[in-house]
Amino acid sequence: PMGKAAKGFWLRSGHADLFRRSGFHVLLFDANGFGESEPISFDYPADVLAAGLWAQTRTPELPIGLVGASFGAGWGLCSMARAGSPFRAAVLEGVFPTLPDFWRHYPVAYTTLRISQLVWPSLERNLRPEREAAKLIAHPSVLLLYGDRDKYTPPAHGQRLMKSLEKTAEAQMLVFPNVDHT
């Protein structure tokens, strides 16, 4: 996820330990401009792709999967449409179909995003999970997770993404009752 709550999210919530106990290798990373790194670009899917490719070089005999929530889930889905994507499976929680869909709850950010669409339209156009889902590589398995009380990425977002994934992935969607965003 994004924001202060994201720092250490996968460690603090026990996800990394669960995966390790289950026999998986785990790679955690921060996107550029988050954590310790300097902001370089808004091409966050490239960060996810680079992490996946790095993992693949470390364990070439193993399949590479992706787990992401919200921000990371959206950019992870976009990265799966990029050339060379090593991801054969993904579990993605609270994926937004487009940036405006997510940011509509934040008036200043939403307005800024809408203005940027006029000034630099290609930036946002290349960061649309709904569009990129229709271009996934290697027909991966994708599990979308949503909470029925999530106001930022409601299950309707997942239903839109499922339509985009019809021909490019083995996709499934689960909705959890009484669950908010991440």
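The residues of the chain are indexed from 1 along the displayed sequence. Remember, it's a predicted structure, so these values are computed and weren't measured experimentally.
- Atom CG of Leu99 is separated from atom CZ of Phe42 by 10.5 Å, given to the nearest 0.5 angstrom.
- Taken together through direct or relayed side-chain contacts under 4.5 Å among Ile, Leu, Val, Met, Phe, Trp and Tyr, Leu143 and Ile137 form parts of separate hydrophobic clusters.
- Tracing side-chain contacts under 4.5 Å through hydrophobic residues (I, L, V, M, F, W, Y), one reaches Val95 starting from Tyr106; they form part of the same cluster.
- Between the side chain of His105 and the backbone N or O of Lys151, at least one donor-acceptor pair lies under 3.5 Å.
- Using bins of under 30°, 30° to 60° and over 60° for the plane-to-plane angle, the ring pair Phe96/Trp75 lands in the perpendicular bin.
- Shortest non-hydrogen contact noted between Pro45 and Ser79 is O-CB, 3.3 Å.
- Residues Val48 and Phe87 are in side-chain contact: their nearest non-hydrogen atoms beyond the backbone lie under 4.5 Å apart.
- There is no path of hydrophobic side-chain contacts, each under 4.5 Å, that joins Val67 to Trp54.
- The structure places CG of Leu127 at 9.5 Å from CG of Leu113, a figure rounded to the nearest 0.5 Å.
- For the residue pair Phe71 and Ala31, the shortest heavy atom distance occurs at CE2-CB, 4.0 Å.
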Could you pull out every donor-acceptor pair under 3.5 Å between side chains of residues 164-178 and any protein atom, sequence neighbours left out?
{"unit_1": "Ser164", "atom_1": "OG", "unit_2": "Glu130", "atom_2": "O", "d": "3.0"}
{"unit_1": "Thr168", "atom_1": "OG1", "unit_2": "Ala133", "atom_2": "O", "d": "2.6"}

>> Does Leu11 form a side-chain contact (heavy atoms from CB on, under 4.5 Å) with Asp17? I'd like the steps, not just the answer.
In response: CA-CA 7 Å; Leu11 295 171; Asp17 285 337; 5.8 Å; no
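- With sequence neighbours excluded, the residues forming a side-chain contact (heavy atoms from CB on, under 4.5 Å) with Gln117 are Pro100, Arg114, Glu124, Arg128, listed by chain and number.
- Applying the salt bridge (charged side-chain N to carboxylate O under 4.0 Å, His left out) test to every pair with at least one member in residues 49-62, sequence neighbours left out, gives no pairs at all.
- Contact check for Ile115 versus Thr112: no side-chain heavy atoms found under the 4.5 Å cut-off.
- When all heavy atoms are compared, the tightest approach of Leu49 to Pro86 is CD1-CD, 3.8 Å.
- Shortest non-hydrogen contact noted between Pro155 and Gly147 is CD-O, 3.6 Å.
- Annotation: side chain of Leu161 is in contact with side chain of Leu77 (closest heavy-atom distance under 4.5 Å).
- In this structure, CZ in Phe19 is found 10.0 Å from CG in Leu28, a value given to the nearest 0.5 Å.
- With sequence neighbours excluded, the residues forming a side-chain contact (heavy atoms from CB on, under 4.5 Å) with Pro154 are His157, listed by chain and number.
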> Checking side-chain contact (heavy atoms from CB on, under 4.5 Å) for the pair Leu144/Tyr146: CA distance, chi angles, key distance, verdict?
Replying inline: CA-CA 7 Å; Leu144 301 177; Tyr146 290 88; 3.7 Å; yes
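- Counting heavy atoms from C-beta outward, Cys78 and Pro129 have side chains that approach closer than 4.5 Å.
- For the pair Leu66/Met80, a side-chain contact is recorded, criterion being any heavy-atom separation below 4.5 Å from C-beta on.
- A salt bridge links Arg82 with Asp43: at least one charged nitrogen is closer than 4.0 Å to a carboxylate oxygen.
- In this structure, Phe29 places its CZ atom where more than 12 heavy-atom neighbours from other residues, nucleotides or ligands lie under 6.0 Å away.
- Ala81 approaches Glu132 most closely through the heavy-atom pair CB-O, 3.4 Å.
- Looking only at side-chain heavy atoms (C-beta outward), Asp47 and Asp30 stay at 4.5 Å or farther from each other.
- Here the closest heavy-atom approach between residue Ile64 and residue Gly52 is recorded as CG2-O, 4.2 Å.
- Asp150 has its side chain out of reach of Asp180: every pair of non-hydrogen atoms, C-beta onward, lies at least 4.5 Å apart.
- A centroid separation of less than 6.0 Å is found between the aromatic rings of Phe9 and His15.
- Criterion: ILVMFWY side-chain heavy atoms under 4.5 Å apart, direct or through other members. Under it, Phe24 and Leu53 are not part of a common hydrophobic cluster.
- By the side-chain contact (heavy atoms from CB on, under 4.5 Å) test, Leu62 is found to be paired with His25, Thr59, residues two or more places apart in sequence or in another chain being considered.
- Between Tyr152 and Phe102, the ring-plane angle classifies as tilted under the 30° and 60° cut-offs.
- The stretch residues 88-109 participates, sequence neighbours left out, in these salt bridge (charged side-chain N to carboxylate O under 4.0 Å, His left out) pairs: Asp101-Arg160.
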